[in-house]
Amino acid sequence: MSSNVLATDSRYETDRHGVGIDSGMGVGVLELPAHRRDVTQRREAMAQAPSASSVPLDAAEVSLRVLVSDLVQLTKPRIVVMILVTTVATAMIAAGGLVSLGQLALLLLGTGMVAGSAGGANQIWERVIDRNMPRTAVRPLPSARMSTAVATVFTASMGTLGLAILWMGFSIVPAAVGLATWLLYVFLYTPMKTRTSWNTTVGAIAGALPMLIGYTALGGSLADGTGWLLFGVLAAWQYPHFMAIAWLYRRQYEQAGFCMSTTVEPTGVSAAVQSIVGSLAVIACGVALCCLSPGVIPAVVCSVAVLAATVPMLKASLRFARDRNDVTARRLLRSSLLVLPAVLAVVTIRVFW
């Protein structure tokens, strides 16, 4: 990116009547005595003209800000934030209580870097096809603001460092889960998006695996039912959430050549059914998590809270099934955004009760 820095030209011409005329702006000024005029002109020149060193500094600063912004966008930051929120919950559930700030910061750093690297690799793979969709054409690679080489080096470095942090800071298990997440998302889910609508299922699995990164990093085991129920909450939640998005952007997906449920089966019946099934699965996994810990009353209260949080998404899925249009799809999308943090909050509080 280049940045243009404009400077004002303060040249003056003096006519024979003693009036200075700004040749650039056409504004007349009265002439001052000679010695005062020289001093004034020097002061104006110093005030208005930027120094030689400030111009490249300003341009470099702007370019650096653009580069940093594009690198952040390359990581798909909204997805990374969602993953980090779920990581906090699963870490506390595995630890059975609060986690030290040092451990939590290290876990979030490693997990976030792996997730961001996967998002960057996905954008590198889809840089050409992304040009065909308005919602993705503004990304750094399809808009040519960033080279593929820079994106590749950044993505590879971030992913490698993230895995090293998980391995050395915790154990090989969360690092292995992180690597499996990256490989599944980049080398299976990404190419499947243009081949089959089953990419949603693979994407849901890849998107939910980070649940197990946080869980195994803080003492949980891959053999524990709790970890897999947490995985199930996030995997199931992605169906109503993504089916709403797939419906809203179905025409863009079709034009770009993506195989989604809403492009393969354009009536939306399949998308609606998957939304309903996903909503029911979120409820089932959430209630099961409430019942795993001892105590009847806490389990009942927790289950009721899960139902209160998830039933609105189920209702929105049913409305979308009855009347498949952009309005009901948008309501389903908004409802899904509230469900995941609410369920995770409930099952995490359950640990302390």
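What you are looking at is a predicted structure, and each value in this text was computed from that prediction instead of being measured.
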Please step through side chain to side chain contact (heavy atoms under 4.5 Å, CB included) for the pair F242 and M260, ending with a clear verdict. CA-CA 10 Å; F242 185 72; M260 303 299 174; 4.0 Å; yes

Determine, step by step, whether Y215 and D224 satisfy the side chain to side chain donor-acceptor pair (under 3.5 Å) criterion, reporting the C-alpha distance in whole Å, the side-chain angles of both residues, the deciding distance to 0.1 Å, and the verdict. CA-CA 10 Å; Y215 189 75; D224 296 344; 3.1 Å; yes

How long is the span from the OG atom in S261 to the CE atom in M243, to the nearest 0.5 Å? 3.5 Å

Return a table of donor-acceptor pairs under 3.5 angstrom between the side chains of residues 99-119 and protein atoms on other chains or two or more places apart.
{"residue": "S100", "atom": "OG", "partner": "Q103", "partner atom": "N", "Å": "3.3"}
{"residue": "S100", "atom": "OG", "partner": "Q103", "partner atom": "OE1", "Å": "3.4"}
{"residue": "T111", "atom": "OG1", "partner": "L107", "partner atom": "O", "Å": "2.8"}
{"residue": "S117", "atom": "OG", "partner": "T155", "partner atom": "O", "Å": "2.8"}
{"residue": "S117", "atom": "OG", "partner": "W182", "partner atom": "NE1", "Å": "2.9"}

Considering only NZ, NE, NH1 and NH2 on the basic side and carboxylate oxygens on the acidic side, decide whether R65 and D70 come within less than 4.0 Å. no

Should we say atom CZ of R324 is surrounded by more than 12 heavy atoms from elsewhere, each under 6.0 Å from it? yes

For R195 and P191, indicate whether the former's side chain and the latter's backbone hold a donor-acceptor pair under 3.5 Å. yes

Taking A204's backbone N and O only, do any of them form a donor-acceptor pair with Q238's side chain (distance below 3.5 Å, no angle check)? yes

For residues 162-182, which residue pairs pass the salt bridge (charged side-chain N to carboxylate O under 4.0 Å, His left out) check, not counting sequence neighbours? none

Using atom types as modelled and distance alone, determine if a side-chain donor or acceptor of W228 lies under 3.5 Å from a backbone N or O of L222. yes

Indicate the ring-plane relationship of H241 and W237, choosing parallel, tilted or perpendicular according to the 30° and 60° boundaries. parallel

Per the disulfide (SG to SG under 2.5 Å) rule, what does the pair list look like for residues 289-353, sequence neighbours excluded? C290-C302

Looking only at atom types and distance, does a side-chain atom of R350 sit under 3.5 Å from a main-chain N or O of V347, one as donor and one as acceptor? no

Which is it for V264 and T196 under the side chain to side chain contact (heavy atoms under 4.5 Å, CB included) test, yes or no, and what are the steps along the way? CA-CA 9 Å; V264 175; T196 172; over 6 Å; no

Pi-cation contact, F320 with R331 (under 6.0 Å, within 45°): no

Between CD1 on residue I213 and OG1 on residue T86, distance to nearest 0.5 Å: 9.0 Å

Less than 3.5 Å apart, any donor N or O on the side chain of Y239 or T201 sitting next to an acceptor on the other? yes

Residue pair D323 / T328, side-chain donor-acceptor N/O under 3.5 Å: no

Say whether, by atom type as modelled, one donor and one acceptor occur between the side chain of R127 and the main chain of I124 under 3.5 angstrom. yes

Atom CH2 of W125: over 12 foreign heavy atoms under 6.0 Å: yes

Can a side-chain donor-acceptor contact be found between S69 and Q73 if the only test is distance below 3.5 angstrom? no

Is it the case that the side chains of E126 and T190 hold a donor-acceptor pair, with the cut-off being a distance below 3.5 Å and no angle test? no

Before giving the answer on side chain to side chain contact (heavy atoms under 4.5 Å, CB included), spell out for D130 and R135 the whole-Å C-alpha distance, their side-chain angles and the decisive distance to 0.1 Å. CA-CA 8 Å; D130 276 348; R135 67 187 291 260; over 6 Å; no

